[in-house]
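A short worksheet on the structure shown next.
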Amino acid sequence: MSDLVTIVEVGPRDGLQNEKNIIPSAQKIKLIEKLASCGIKRIEVTSFVSPKWVPQLADAAEVMSGVDRLEGVSYSVLAPNLKGAQLAVDSKADEIAIFTSASEGFCQRNISCSIRESIDRFKPVIELSKEFDISVRGYVSCITDCPYDGAVESKQVGKVVGSLVELGCREISLGDTIGAATANGVSAVLDVVLDLVPAEKLAGHYHNTNGQALENIKVSLSRGLRVFDSAVAGLGGCPYAPGAQGNVATEDIVRLLHAEGFNTGVDLQRLISKVVPFAQTLKN
Ligand code: HMG
Ligand code: MG
């Protein structure tokens with residue numbers, strides 16, 4: 001059997017959070033159901049964050065309750081604090097993703113607290129998730145570059161990854177938030193992080209602003225990572241990271257992985273014919 005790589009589809013969350021015109025919940029639900037019908041097993045549906053901060057995702061509860069869920073698919077959500085985690089539990093999320101940054105500037109602009117404070121805020125989130133047996137994923141943004149602080153030191157990434165693992169995250173997603181990383185930069189981060197955490201616990205989350213995401217994925221694959229985040233049709237960006245473009249397109253990473261002999265379980269033809277054109281209609 002060929003080597004399995006898992007795609008975490010983040011288009012409905014990381015993609016749509018950045019669209020200015022409010023997209024009707026029914027359209028979001030349709031997108032999520034179409035993605036699941038292509039064999040994608042992990043879908044990040046939405047975020048339970050302040051609607052003042054991310055108005056596009058103010059309908060998080062409606063979207064979560066509206067999706068006709070497929071057996072075997074994990075539907076996850078982002079939560080920045082206990083309030084978000086409680087809403088996530090109410091929505092029957094399969095996974096909660098907490099998110100912080102390796103740089104102070106982005107952490108402050110994105111979640112309005114320091115990195116240290118963010119870790120403290122996550123403690124009750126972890127407690128609640130344990131109570132409901134929900135797994136927790138941790139994001140570390142700005143692994144090489146921050147839109148506010150500039151270059152980020154790999155050892156700082158290691159420190160934050162270590163804190164999230166210690167808290168109880170089952171997986172850490174390494175975010176190149178503004179798509180500024182190069183393969184050498186990602187490699188330097190992995191040199192540090194893989195000393196602390198095995199590759200099985202890591203995911204790559206690469207935005208494609210400079211067209212480097214596939215190179216960053218290739219270097220991550222060579223270092224043993226087998227989980228990657230992507231957004232269908234390359235949707236997205238981050239409203240608090242000026243200039244950030246979408247994540248690597250799901251169809252591009254799946255094409256690359258299949259060409260390299262990896263198995264993803266994703267029906268690429270169906271994705272391209274049924275989902276990519278629909279996702280493109282959602283771009284403002
Ligand atoms: P704050 O203003 O400091 O918080 O924001 P607050 O506690 O003062 O609350 C302000 C208001 O929000 C209050 O309502 C709260 O009740 C409400 P009001 O009394 O004014 O009516 N509130 C909430 N409502 C719903 N759900 C919640 C929630 N929490 C508070 N969970 C806060 C702090 C963290 C809430 C805010 O900064 C926030 O929501 N930030 C989210 C920003 C965001 O979603 N960014 C994009 C996702 S991160 C990303 O894209 C990067 C990633 O893709 C990886 C990568 O690429 O690197 C993951
Ligand atoms: Mg992102």
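Read the numbers this way: they start at 1 and go in the same order the structure lists the ligands and their atoms.
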Exercise. What part of Phe99 sits under 4.0 Å from ligand 1 if we count only heavy atoms: the side chain, the backbone, both or neither?
Worked result: side chain
Exercise. Quick check: does Asp14 have an N/O/S atom under 2.8 Å of the Mg ion (ligand 2)?
Worked result: yes
Exercise. Can you list the ligand 1 atoms lying under 4.0 Å from a non-hydrogen atom of Gln17?
Worked result: 46 (C), 47 (C), 50 (O)
Seminar exercise, completed: Min over Gly138, Ser141, Gly175 of heavy-atom distance to atom 54 (C) of ligand 1 lands on Ser141
Seminar exercise, completed: If we number the atoms of ligand 1 from 1 as shown, the ones under 4.0 Å from a heavy atom of Gly84 are 31 (N)
Problem set entry | Option with minimal heavy-atom separation from atom 34 (C) of ligand 1, where the choices are His207, Arg137, Arg121 | Arg121
Exercise. Among Thr177, Asn247, Asp14, Leu87, which residue places a heavy atom closest to atom 57 (O) of ligand 1?
Worked result: Thr177
For this session: Look at atom 43 (C) of ligand 1 and find which of Val54, Val10, Asp176 reaches it with the closest heavy atom.
Result: Val54
Exercise. Where the closest heavy atom to atom 15 (C) of ligand 1 is concerned, which of Lys83, Lys52, Glu44, Gln56 has it?
Worked result: Lys83
Exercise. Looking at ligand 1, does any of its N/O atoms fall within less than 3.5 Å of an N/O of Phe106?
Worked result: no
For this session: For Ser112, counting its heavy atoms only, list the atoms of ligand 1 lying under 4.0 Å from any of them.
Result: 3 (O)
Problem set entry | At the Mg ion (ligand 2): angle between His205 atom NE2 and His207 atom NE2, to 10 degrees | 90°
Exercise. Honestly curious: do Leu78 and Ile134 fall in one hydrophobic cluster under the side-chain, below-4.5 Å linking rule?
Worked result: no
Exercise. Considering distance alone, does some N or O of Arg13 sit under 3.5 Å from an N or O of ligand 1?
Worked result: yes
For this session: May I ask you to say whether Asp149 pairs ionically with Arg109, meaning some side-chain N is under 4.0 Å from a carboxylate O?
Result: no
Exercise. Can you find a side-chain donor-acceptor pair between Asp176 and His205 that sits under 3.5 Å?
Worked result: no
Exercise. Among Asp14, Thr177, Asp229, whose side-chain hydrogen bond (donor to acceptor under 3.5 Å, both in side chains) with His207 holds?
Worked result: Asp14
Exercise. Under 3.5 Å, N or O to N or O, is Pro51 touching ligand 1 that way?
Worked result: no
Exercise. Cluster question for you: counting only ILVMFWY and a side-chain heavy-atom cut-off of under 4.5 Å, with indirect links fine, are Val49 and Ile43 together?
Worked result: no
Exercise. Do Ser230 and Asn247 meet the criterion of a side-chain donor-acceptor pair at a distance under 3.5 Å?
Worked result: no
Exercise. Under 4.0 Å from any heavy atom of Phe48, which atoms of ligand 1 are there?
Worked result: 26 (N), 27 (C), 31 (N)
Exercise. What distance separates Arg137 CZ from Glu95 CD, expressed to the nearest 0.5 Å?
Worked result: 6.5 Å
For this session: Going by heavy-atom distance to atom 42 (C) of ligand 1, choose the closest among Asn110, Ile178, Asn81, Val49.
Result: Asn110
For this session: Using the salt bridge (Lys or Arg N to Asp or Glu O under 4.0 Å) rule, take Glu33 and Arg69 through it: C-alpha gap first, then chi angles, then the decisive distance, then the call.
Result: CA-CA 8 Å; Glu33 291 176 353; Arg69 298 190 193 187; over 6 Å; no
For this session: Mind jotting down which residue pairs meet the salt bridge (Lys or Arg N to Asp or Glu O under 4.0 Å) criterion with at least one end in residues 182-196? Sequence neighbours excluded, please.
Result: Asp191-Arg223
For this session: Examine Phe278 and Leu70 and state if one hydrophobic cluster contains both, with Ile, Leu, Val, Met, Phe, Trp and Tyr joined whenever side-chain heavy atoms are less than 4.5 Å apart.
Result: yes
